[in-house]
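First up is the structure itself, then whatever we jot down about it.
Computed from heavy atoms alone, side chains included, the values below leave out hydrogens, waters and symmetry copies.
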Amino acid sequence: MALEKLRHRLFTPLLLLLLLLAFPAMGEPITDIQIQGLRRTKPEVLLEKLEKFKGMDASTFDKKKLEAELEKTQLFSLADASVSGSTLHITVDEKFSLLPIPFAYLSSDSWGGGLVVLDNNAFGIMDQAAAGGFISSSGWRVLAGYSHIQKEHAPFGWSVSANGGKSRNRVREDDEDLLLTYDSKVFGVSAGINKRLAPWLKASVSSGVNLCDVEDSAPASELVIPLTVSLTASTASWDGTFLNTIYLTTSATYNYSHWHDNYCTLAAKAGWEQHLVQRLRLIAQAGVYHSPDVPVVFAPNQSAVQVCILNNACRASTMAGAGAGFEWGIVQTRLGVPSLYAQYQVIWADTLLSDEAWGHGPVAGFKFYLKKIAFPAVDIFASYNVKTGLFRTSAGAGFSY
């Protein structure tokens with residue numbers, strides 16, 4: 001009997017020890033988050049973004065997931081993180097978000113420059129604001145905008161913008177023959193709401209007023225009230241050299257014209273920029289635009305379909321274009337990444353004042369990306385249209401839009 005009791009006393013703690021070894025230790029859940037290092041950002045705004053870390057097991061907390069979440073904002077980098085009891089202690093480095101960005105460009109058919117002030121953390125609530133102006137070979141323009149980003153528990157986000165200016169407009173054929181010249185004053189305001197349906201999917205509805213007051217007799221002045229519905233699917237990831245993106249944006253607009261016939265616009269843009277091997281990525285983009293009754297004063301150029309091999313003063317009511325190629329990040333420096341890129345592009349356009357235009361040809365250039373900033377600080381390229389023989393060059397520095 002004594003031997004049996006001894007066996008029982010030894011077996012029980014041994015069984016408990018085996019159970020502890022067989023199952024991972026469970027720590028207490030994280031119930032509180034404390035943040036240090038904030039300068040402009042309101043603590044409650046960042047805390048709401050990091051709420052997903054509450055409830056996690058403190059003993060299995062993944063620091064890399066926290067670091068990735070902070071980098072997504074492009075406003076913070078992680079300096080330190082530790083767990084004490086049920087509290088997650090975070091120290092961040094808050095990046096400077098108010099950026100005055102001068103820019104200038106010179107191309108075969110135009111020149112311009114100006115200043116845009118961007119704030120990626122307006123009022124300390126991670127909203128975005130911009131204001132600026134520029135002058136060019138055709139005139140001048142000022143612009144301003146504010147975007148209230150949809151927060152974690154908010155039903156939607158919203159945005160407002162305004163722009164105005166004066167310009168001398170030239171409409172040309174794809175072989176650069178001048179078809180029309182007119183002076184105009186433009187003014188536009190818009191507002192909209194947007195909702196993130198999934199982490200990669202956003203829908204928006206917007207409206208406003210666009211006024212083009214033409215100072216010559218033809219084409220006529222236009223006042224249009226557009227109603228636009230759009231859907232955007234996109235993903236982005238940083239590979240240490242490039243911000244790799246996949247996106248598709250579609251939109252439908254009904255334009256109510258105060259003085260002339262109403263008209264509709266359908267448009268879509270898509271892009272694929274993805275890492276292949278170290279510092280090399282595939283770049284491809286395409287676009288379509290269809291608005292058969294668009295007035296000349298609101299008709300877009302080739303940038304609506306993301307190509308650059310036509311004359312930039314060519315205006316069209318229907319276009320389709322695409323390009324594909326490669327971009328190589330030459331080397332990573334302390335300031336950023338210089339890169340070389342080459343593409344082959346094609347385009348077809350139903351121009352407004354002449355016959356159909358189409359073309360194809362190579363585009364090659366140089367970019368310099370500031371460290372961990374998506375848009376290039378320098379972009380220089382040359383394009384050649386094999387069909388028309390048009391050779392275009394462009395060099396720009398600073399903000400582009």
Side-chain angles (χ1 to χ4, degrees), residues 38-50 69-76 94-101 103 114-134 141-165 186-210 225-236 238 243 245-253 267-269 271 303-304 370 372-376 398-401:
L38 296 179
R39 295 185 297 177
R40 293 185 61 201
T41 305
K42 296 182 178 180
E44 61 270 19
V45 176
L46 186 55
L47 282 170
E48 183 180 15
K49 200 164 193 65
L50 300 179
E69 192 66 30
L70 290 170
E71 287 290 348
K72 282 182 186 179
T73 67
Q74 297 187 359
L75 293 172
F76 308 98
E94 183 171 338
K95 301 175 185 178
F96 191 66
S97 62
L98 186 62
L99 304 173
I101 304 176
F103 66 94
L115 176 70
V116 171
V117 179
L118 296 176
D119 190 352
N120 287 321
N121 192 11
F123 303 108
I125 58 175
M126 297 191 196
D127 282 357
Q128 297 174 344
F134 66 89
R141 182 164 293 198
V142 294
L143 52 92
Y146 188 92
S147 179
H148 178 66
I149 308 302
Q150 182 183 357
K151 303 303 187 288
E152 297 296 319
H153 302 300
F156 56 81
W158 53 266
S159 62
V160 293
S161 65
N163 72 90
V186 295
F187 176 74
V189 294
S190 66
I193 59 173
N194 56 77
K195 183 174 181 62
R196 191 160 291 281
L197 305 176
W200 51 271
L201 185 63
K202 183 170 73 173
S204 65
V205 179
S206 63
S207 186
V209 175
N210 294 322
I225 300 175
L227 176 62
T228 301
V229 178
S230 65
L231 192 65
T232 299
S234 64
T235 63
W238 182 264
L243 182 67
T245 61
I246 303 173
Y247 63 88
L248 171 64
T249 298
T250 60
S251 65
T253 304
K269 289 182 179 181
S303 63
L370 292 177
K372 292 194 175 183
I373 295 181
F375 63 82
F399 179 75
S400 61
Y401 58 93

Whether Q150 side chain and R196 backbone form a donor-acceptor pair below 3.5 Å: yes
S234 backbone acceptor or donor facing K202 side chain under 3.5 Å: no
Exercise: identify the closest heavy-atom pair between L115 and F103: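 Between these two residues, the closest heavy atoms are N-CE2, 3.6 Å.
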Minimum heavy-atom distance between P226 and G208, given as atom pair plus value: CD-O, 3.4 Å
T253 and T228: side chain donor to acceptor below 3.5 Å: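 Looking only at side-chain atoms, T228 and T253 do form a donor-acceptor pair, the distance falling under 3.5 Å.
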Mind checking the [atom1]-[atom2] spacing from [X] to [Y]? Nearest 0.5 Å is all I need.
| X | Y | atom1 | atom2 | result |
| --- | --- | --- | --- | --- |
| E94 | L38 | CD | CG | 5.5 Å |
| T250 | L231 | OG1 | CG | 5.0 Å |
| R40 | K42 | CZ | NZ | 11.0 Å |
| F96 | D119 | CZ | CG | 8.5 Å |
| N194 | W158 | CG | CH2 | 10.5 Å |
| I193 | H148 | CD1 | NE2 | 12.5 Å |

Side chain to side chain contact (heavy atoms under 4.5 Å, CB included) between I225 and S207, intermediate numbers included: CA-CA 7 Å; I225 300 175; S207 186; 4.0 Å; yes
Intermediate values then yes/no, side chain to side chain contact (heavy atoms under 4.5 Å, CB included), V186 and N210: CA-CA 8 Å; V186 295; N210 294 322; over 6 Å; no
Criterion side chain to side chain contact (heavy atoms under 4.5 Å, CB included) against N121, the qualifying member of R39, K95, M126: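 For N121, the side chain to side chain contact (heavy atoms under 4.5 Å, CB included) test succeeds with only one of R39, K95, M126, which is M126.
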Residue among V45, N120, I149 satisfying side chain to side chain contact (heavy atoms under 4.5 Å, CB included) with D127: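 Of V45, N120, I149, side chain to side chain contact (heavy atoms under 4.5 Å, CB included) with D127 is met by I149 alone.
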